[in-house]
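Note sheet for the following structure.
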There are 2 protein chains.
Amino acid sequence: GDVVEVRVDFGRALDPAAMADAIAAGPTRLCAVVHAETSTGVLTDLNPIAAAAREAGALFAVDCVTSIGGLELDFDDVGVDAAFCGTQKCLSVPPGLAPVTFSPRALARVADRRHPVPFYFDTRLLTGYFGPDRAYHYTAPVSMIYALAASLEEVAAEGLAAREARHRDVAAALRRGLAPLGLEPLVPVEHATPMLTTVRYPDGVDDGAFRRHLRERHGIEVGGGLGPLAGRAFRVGLMGHGARRENVLRAVAAFGDALAACGHRDADVAGALAAVHAG
Amino acid sequence: GDVVEVRVDFGRALDPAAMADAIAAGPTRLCAVVHAETSTGVLTDLNPIAAAAREAGALFAVDCVTSIGGLELDFDDVGVDAAFCGTQKCLSVPPGLAPVTFSPRALARVADRRHPVPFYFDTRLLTGYFGPDRAYHYTAPVSMIYALAASLEEVAAEGLAAREARHRDVAAALRRGLAPLGLEPLVPVEHATPMLTTVRYPDGVDDGAFRRHLRERHGIEVGGGLGPLAGRAFRVGLMGHGARRENVLRAVAAFGDALAACGHRDADVAGALAAVHAG
């Protein structure tokens, strides 16, 4: 079938009304969105989009790669029919797993499928593997699954609500620290993910020099800007085990040092560190 | 395009002439075979099939999942255009990686492709990732790659020829040990993989009871028979680090014990152990 893209500028939140219009203009079989968008740090408000999808009889699929383990999300409550995630972000597991979940409605759609799909994406084979038959589908990455089990024990011990609160607290501390440095977050706080913050460069700061300084002098790696933001912004991930105030203090001090090294000398590092503590 | 299957009975080797006929009956764009077949333990003689594919202008693709690190295979010499493997068998890396390789001919075919393919199988994206652009394709499973690097150091230290010889020695020792137990390998030695040996049960031995006894009393897991061999044979993997004579001795003694526990009492365990040493 045809794919309809609902576009917004980088760093702007998806407009739920525009999504609802696009869904209603269908017939729409599937509506797919990213929950926490790591290219920009935009958080999608799932509820109104899920409601529009449900009303149109469409399945609702969500990319939870960055949100899982860092935000509370009740798939049944929101009405998520299919979701996939990664474990290397807010779950702090080594990369290599992509857990998925499907609603009974999604599995019924799969069961009705008349055209073959590639092996790796064949949910029918996957359900055979996880069903009572344990039909062979793949060799499980056992050491990764042990790591995931350990991570889920940590999540359960901390509690998902506390975990979301920690990510939000740490993201807020980072934002407070940016202003005295003369740095500005791309995404307004009401549309921002707590785990990924995109920061605009002040005029004249070279992206490569700034990030190299962070990497080589401070052992800190931040992401570069993507698409239209390449060279104009950097992306700070504070996820899972790494989402801690002490890391924000380290990062803020390092940003100030790197700005100075790049010739940008009006950063108030002491003020930034105090601001991190202030909340 | 249409897929033509060249079928043989379980445990029989692919007939190169039948393959050559099927290729020549084409137009054939791609010919794909399994090198070392873990369902049965059949080893495919790649050279005549590769030659037939080359003559027809077809690409030649090989599943090397079980052979990599256990058999010598020179992709360029044989004329392999695409190969994929797993690292959890003869490389003894935890499961989770599937290295692939492509010839320039295969990459040219990919570059000419006019229809989109699913993300996971999009070799064009993959070449962008591994090219100078390092274009984002996936988050690399870094801990698995460290494990692979360690394994490849071990392979280099041992040497691939020595590694193949070790696998062949160990498989021969296993075969010698089977006869005094009254057990018979499914695949004639000239068509057999050294790393996987399928063994027929004597009449009256229950597959579930036999394998449970091995697992619970000896801590040894062997594979069950597949397809028409289900319940009629078991599969012994001796791969990578595990392909050692002492493991053959343990396995042969355990098979004798499990046969006796299943009511099959004419196994000569002492003779089997002596036979393992004899080569």
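Every value quoted in this text rests on a predicted model; they were computed, and no experiment measured them. Every chain is numbered from 1, with letters handed out A, B, ... down the list of sequences.
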- Note on the structure: Taken to the nearest 0.5 Å, the spacing of R7(B) CZ from L14(B) CG works out to 12.0 Å
- Inter-chain contacts: residues 222-243 of chain B against chain A, heavy atoms under 4.5 Å: none
- Note on the structure: NE2 (H137(A)) and CZ (F119(A)) are apart, to the nearest 0.5 Å, by 4.0 Å
- Out of L59(B), L107(B), V110(B), T127(B), which one pairs with F102(B) under the side-chain contact (heavy atoms from CB on, under 4.5 Å) rule? L107(B)
- Item | Any side-chain heavy-atom pair of R29(A) and R109(A) under 4.5 Å | yes
- Message: I'd like to know if the side chain of D81(B) reaches the main chain of A106(B), judged simply by a donor and an acceptor atom lying under 3.5 Å from each other, with no hydrogens or angles considered.
- Response: no
- Starting at CG of D112(A), measure out to CZ of R124(A) and round the result to the nearest 0.5 Å. 8.5 Å
- Is the shortest side-chain N to carboxylate O distance from E158(B) to R166(B) below 4.0 Å? yes
- Message: Side chains of P95(A) and T87(A), heavy atoms from C-beta outward: is any pair under 4.5 Å?
- Response: no
- Hey, which residues of residues 138-155 of chain A are touching chain B, say heavy atoms under 4.5 Å apart? T139(A), A140(A), P141(A), V142(A), S143(A), M144(A)
- Check whether any side-chain heavy atom of R12(A) sits under 4.5 Å from a side-chain heavy atom of D9(A), and report yes or no. yes
